[in-house]
Amino acid sequence: VLDGLHILSPDAEALAQVLSSAGVGAGQVLHAYLSNVPAFVVAQLATSKVGCVFAPLDIGLTDAEARDMLSLTGGDLIVCDPTSKTRCEKFSSNLIVVNVLGQVIAVEIKALPAPSLDEDIACIQFSLPIIWTEARKRGFTINQIANLMSANIADFIGDSLQLSKEAAK
């Protein structure tokens with residue numbers, strides 16, 4: 001695993017520089033609409049370098065669900081691959097297109113919204129996609145999940161951190 005991260009590190013650094021140059025930083029969200037593992041990892045590593053929140057978009061979401069996810073986070077920046085670019089243009093005018101290795105192909109950023117999240121929200125970035133995928137199978141909407149998560153954020157963050165620690169073992 002470490003060898004793979006070492007190989008992807010230059011691409012993550014290049015993407016981080018693109019994000020930083022575009023003014024992306026703490027409190028902002030980078031949505032990843034990627035099905036390719038190396039590109040996904042590169043995007044995740046790049047967000048950690050600039051301090052923004054990494055929020056994967058499930059490629060199985062309907063257009064309405066994807067718009068809801070963007071609306072809930074206040075995010076309007078998507079990293080995607082060339083095959084999903086047309087679909088992502090329906091949700092945002094701020095796109096970074098990468099190849100299968102996560103190397104930047106195109107940057108189309110019109111105007112980013114002001115940072116909308118405080119730093120505490122970043123610790124749930126890994127939990128939301130897992131929770132959403134399972135909850136969707138059980139008939140919950142993204143709005144219901146967001147309301148549940150925000151009802152008692154301190155408990156949720158504590159549970160998320162515990163899950164992250166257990167997963168790391």
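Keep in mind that what you see is a predicted model, and the values were worked out from it rather than measured.
Expressed to the nearest 0.5 Å, how far OG of Ser92 lies from CZ of Arg67 amounts to 11.5 Å. Here the straight-line distance linking atom CZ of Arg87 with atom SG of Cys80 works out to 11.5 Å at 0.5 Å rounding. Going from atom CD of Gln103 over to atom CG of Asp11 covers 4.5 Å, rounded to the nearest 0.5 Å.
Pairs passing the salt bridge (Lys or Arg N to Asp or Glu O under 4.0 Å) check and including a residue from residues 21-32, sequence neighbours excluded, do not occur. Sequence neighbours left out, not one pair with a member in residues 28-44 passes salt bridge (Lys or Arg N to Asp or Glu O under 4.0 Å). Listed by first then second residue, pairs satisfying salt bridge (Lys or Arg N to Asp or Glu O under 4.0 Å) with a partner in residues 23-45 number zero, not counting sequence neighbours.
A distance below 6.0 Å separates the ring centres of Phe40 and Phe54.
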- [ ] List the steps, then state whether side chain to side chain contact (heavy atoms under 4.5 Å, CB included) holds for Lys85 with Leu95.
- [x] CA-CA 8 Å; Lys85 181 178 182 272; Leu95 301 176; 4.0 Å; yes
Open item on the list: The test is side chain to side chain contact (heavy atoms under 4.5 Å, CB included); show your working for Glu108 and Glu89 and say whether it passes.
Closed with: CA-CA 10 Å; Glu108 300 173 13; Glu89 288 172 330; 4.0 Å; yes
- [ ] Could you walk me through whether Leu30 and Val24 pass side chain to side chain contact (heavy atoms under 4.5 Å, CB included), step by step?
- [x] CA-CA 8 Å; Leu30 175 67; Val24 177; 5.6 Å; no
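In plain terms, the two heavy atoms of Ile109 and Ala22 that are nearest each other are CD1-CB, 3.5 Å. In this structure, Ala12 and Ala46 approach most closely via the heavy-atom pair O-CB, 3.5 Å.
Between the side chain of Thr62 and the backbone N or O of Glu65, at least one donor-acceptor pair lies under 3.5 Å. Side chain of Asp81 to main chain of Asn99: no donor-acceptor pair is present (N/O by atom type, distance under 3.5 Å, no hydrogens or angles). Ser21 places no side-chain N or O within 3.5 Å of a backbone atom of Val18 that could act as its donor or acceptor partner.
Proximity of Ile78 to Leu70: side-chain heavy atoms (C-beta onward) are separated by under 4.5 Å at one or more points. For the pair Val29/Leu77, no side-chain contact is recorded, criterion being any heavy-atom separation below 4.5 Å from C-beta on. Using a 4.5 Å heavy-atom threshold, the side chains of Ile59 and Ser84 count as separate. Using a 4.5 Å heavy-atom threshold, the side chains of Leu57 and Met69 count as touching.
Put simply, Val97 and Val41 are part of two different groups of oily side chains (I, L, V, M, F, W, Y) that touch within less than 4.5 Å, one to the next. Residues Val42 and Ile105 do not share a hydrophobic cluster, clusters being chains of Ile/Leu/Val/Met/Phe/Trp/Tyr side chains in contact below 4.5 Å. When hydrophobic clusters are built by joining Ile, Leu, Val, Met, Phe, Trp and Tyr residues whose side-chain heavy atoms come closer than 4.5 Å, directly or via intermediates, Val107 is grouped together with Leu15. Val100 and Ile96 fall into different hydrophobic clusters, where Ile, Leu, Val, Met, Phe, Trp and Tyr side chains are chained together by heavy-atom contacts under 4.5 Å. Both Val37 and Leu34 are members of a single hydrophobic cluster when ILVMFWY side chains are connected at heavy-atom separations under 4.5 Å.
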